[in-house]
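Throughout, protein chains are lettered first and strands after them, A, B, ... in sequence-line order, and every chain is numbered starting at 1. Because the structure is predicted, anything quoted here is derived from the model rather than measured. As a basis for the values below, the full set of heavy atoms in this structure was taken, side chains included, without hydrogen atoms, waters or symmetry mates.
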Amino acid sequence: MSETVVTRFAPSPTGFLHIGGARTALFNWLFAKSLGGKMLLRIEDTDRARSTEAAIAAILDGLTWLGLDWDGEPVFQFARAARHREAVEQMLADGRAYRCYATAQELEEMRAAAQAEGRPPRYDGRWRDRPASEAPADRPPAIRLRAPTEGETVVEDLVQGRVVIPNKDLDDLVLLRSDGTPTYMLAVVVDDHDMGVTHVIRGVDHLTNAARQTQIYAALGWPVPKMAHIPLIHGPDGAKLSKRHGALGAEAYREMGFLPEALRNYLARLGWSHGDDEIFSTAQAIEWFDIADVGRSAARFDMAKLSNLNGHYMRATPDDELLAAFRASLPYLPGGPEAAARLEATGRWSAFEGALPGLKERAKTLVELLDGARFLTDARPLAIEPAAAALLTPEARALLASLHGRLTTLEPWSATGAEEIVRTLAEEAGVKLGALAQPLRAALTGRKTSPGIFDVLVALGKEESLARIADQATGA
RNA sequence: GCUCCCAUCGUCUAGCGGUCUAGGACGUCGCCCUCUCACGGCGAAAACAGGGGUUCGAGUCCCCUUGGGAGCGCCA
């Protein structure tokens with residue numbers, strides 16, 4: 001009755017962990033966690049030519065970064081080939097499978113003929129009932145499933161509902177290749193069964209496979225696990241996800257400066273919802289997750305929303321935690337290692353820490369955070385951006401000269417103290433605060449936008465601040 | 001071509017026959033806050049693909065059309 005739920009994530013190691021796969025893993029994980037079950041990991045490496053060690057490492061790394069853990073050791077499918085063959089022997093003995101000696105060329109002709117006649121391309125069953133005596137001795141056979149030709153195969157899907165596929169549209173799929181290696185279709189069934197998988201959650205692109213696999217389960221006399229085929233993720237243009245927008249590996253999101261918890265939150269909302277809740281912790285997601293609340297239509301990947309969510313998470317993360325996350329991801333950010341070196345060399349990590357509250361308010365990603373902090377490590381004389389240079393008019397430079405003089409006397413060096421001096425000077429000079437603050441910002445940061453200018457003054461420290469002001473002040 | 005799936009604002013979605021003059025979020029556009037940019041606050045524009053049914057009543061159920069998507073390998 002209350003059997004323990006077991007799900008699995010089964011990527012094939014032919015590339016990185018792309019975003020669709022990441023969400024599939026997340027749903028499996030959320031589902032298992034919400035029901036106190038387990039999520040297993042299986043590496044589908046039966047395609048020896050395309051599977052690589054690097055891809056396996058990238059997938060494990062991606063899952064780990066995203067915070068999705070799995071129970072037990074990963075199962076490597078290829079290592080289980082003997083067991084897969086064993087299952088086929090059983091089907092052969094039971095008459096549920098047969099040897100097929102059709103050549104690749106024959107199959108090709110079959111497909112071409114079918115296409116020419118407007119029929120769906122499928123195997124014509126030419127060896128289905130041929131006696132063993134007719135078997136050619138010069139080539140090894142492939143083993144095919146003796147699939148039902150009439151009736152229909154039904155998949156009771158937790159997301160898609162009842163899906164009915166006419167058996168006439170499903171041909172006798174290959175179980176064992178002529179070289180004796182198992183096919184994916186067979187391996188999945190045997191492995192899911194042996195691993196005790198109770199719920200198969202994967203992309204809808206496997207929906208038709210679910211019907212074929214159901215036939216294999218039937219031939220083996222095994223119970224079919226519960227199925228849930230979740231919709232795919234599309235690109236912003238509605239087409240299949242491509243490199244251009246979102247079909248990137250998890251590590252690409254790390255490089256773009258996203259926080260794993262933000263990505264998890266975003267991915268969870270793609271296809272699944274809990275009322276109007278948009279922002280929620282992983283703990284809440286686990287508590288709320290219900291496969292019945294997964295929708296059936298494909299979702300488009302929206303970078304803008306991900307960014308917004310990430311910005312929210314950055315602002316909500318306590319400074320010390322964010323600092324730790326930032327330091328940890330620095331090696332992966334563009335220009336990150338160099339920035340880390342500069343921060344180290346100039347001893348400005350503490351300045352960075354001081355500026356963090358103001359910085360994180362203005363950044364949607366860690367990359368933006370890094371960029372916003374650039375003024376901290378830039379060496380004098382500062383390179384002034386064109387837009388900022390326009391602020392440094394002769395009048396402004398003169399004002400900065402006066403400011404420099406007054407700031408010299410400020411002790412202790414504080415934001416409130418500096419603010420008072422700046423405001424007083426602006427008032428005495430008969431200009432609005434902005435007329436002084438903006439040139440000051442340009443002098444201090446080389447830009448026209450930055451955190452609050454008094455906070456910048458503090459983050460930079462008295463000596464550096466005065467030096468930068470002097471660099472831009474007239475006659476100073 | 002065949003089979004299957006999908007269809008609410010630009011996007012993600014709430015909605016599970018009446019409480020929908022359709023709600024939230026992102027994005028967009030105003031206004032406020034303000035030393036800049038953000039943040040925050042307030043407000044606006046913005047959707048039930050079309051057509052038939054069923055029903056006292058349909059965004060919600062059924063059918064068709066249209067438009068998307070996926071699958072049709074001795075790949076996974």
Of the candidates B:rA76, B:rC74, B:rG23, the side chain of A:R50 sits closest to B:rA76

Span that lies between the P atom of B:rC9 and that of B:rC5, in whole angstrom: 22 Å

Can you tell me the Watson-Crick or wobble partner of B:rC72, both distances under 3.5 angstrom? B:rG1

If I pick the C1' atom on B:rA14 and the same atom on B:rG73, what distance separates them, to the nearest angstrom? 42 Å

For nucleotides B:rA44 and B:rG23, find the distance between their P atoms and express it as a whole number of Å. 11 Å

Taking every heavy atom of A:R468 against every heavy atom of A:L444, the minimum-distance pair comes out as NH1-O, 2.8 Å

Got a salt bridge between A:R85 and A:E89, using NZ or NE/NH1/NH2 to carboxylate O under 4.0 Å? no

If you assign each of A:H312 and A:T449 to its closest nucleotide in RNA chain B, which residue comes earlier from the 5' end? A:T449

Describe the nucleic acid contact of A:T46 in one word from base, sugar-phosphate, nothing, applying a heavy-atom distance below 4.0 Å. sugar-phosphate

It should be established whether A:S450 places a side-chain nitrogen or oxygen under 4.0 Å from OP1 or OP2 of nucleotide B:rC37. no

Expected string for nucleotides 26-35 of chain B under the B/S/- scheme (protein heavy atoms, under 4.0 Å, primed atoms plus P, OP1, OP2 as sugar-phosphate) is SS-------B

Tell me if the side-chain of A:T183 makes a donor-acceptor pair with the base of B:rC74, cut-off 3.5 Å, by modelled atom types. no

Please report the distance separating the P of B:rG15 from the corresponding atom of B:rC56, rounded so that it comes out in whole Å. 27 Å

Heavy atoms under 4.0 Å, any strand shown: does A:R111 hit a base, just sugar-phosphate, or nothing? sugar-phosphate

Residues A:A363 and A:L369: closest non-hydrogen pair is CB-N, 3.5 Å

Go through the N and O atoms of the side chain of A:R362 and the base of B:rC37, and report whether any donor-acceptor pair is under 3.5 Å. yes

Is A:S273 close enough to B:rA14 that one of its side-chain N or O atoms is under 4.0 Å from OP1 or OP2 there? yes

Working to the nearest 0.5 angstrom, can you tell me the gap between A:R83 CZ and A:H193 NE2? 7.5 Å

Determine the interatomic distance between P on B:rU13 and the same-named atom on B:rU19; round to the nearest Å. 25 Å

Closest to the A:L232 side chain: B:rA38, B:rG69, B:rG24? B:rG69

Salt bridge check: are A:K448 and A:E385 linked by an N-O gap of less than 4.0 Å? no

C1'-based separation of B:rU21 from B:rC48 [nearest Å]: 14 Å

Can you find a donor-acceptor pair, distance only, under 3.5 Å between A:D205 side chain and B:rG71 base? no

Under a 4.0 Å threshold between the charged nitrogen and the carboxylate oxygen, would A:D172 count as salt-bridged to A:R128? yes

Between A:D371 and A:R447 (salt bridge meaning N to carboxylate O under 4.0 Å), is one present in this structure? yes

Using the C1' atom on both, measure B:rC74 against B:rC63 and round to a whole Å. 42 Å

Cationic N near anionic O, under 4.0 Å, A:E427 to A:R423: no

How are the rings of A:F301 and A:Y266 set relative to one another: parallel (under 30°), tilted (30 to 60°) or perpendicular (over 60°)? perpendicular

Note: A:K360 and A:P318 closest approach over all heavy atoms is NZ-C, 4.3 Å

Could you run down nucleotides 1-7 of chain B 5' to 3' and tag each one B, S or - for protein heavy-atom contact under 4.0 Å? BSSSSSS

Is A:R144 close enough to B:rC74 that one of its side-chain N or O atoms is under 4.0 Å from OP1 or OP2 there? yes

A:P11 or A:G271: which one's nearest nucleotide on RNA chain B is closer to the 5' end? A:G271

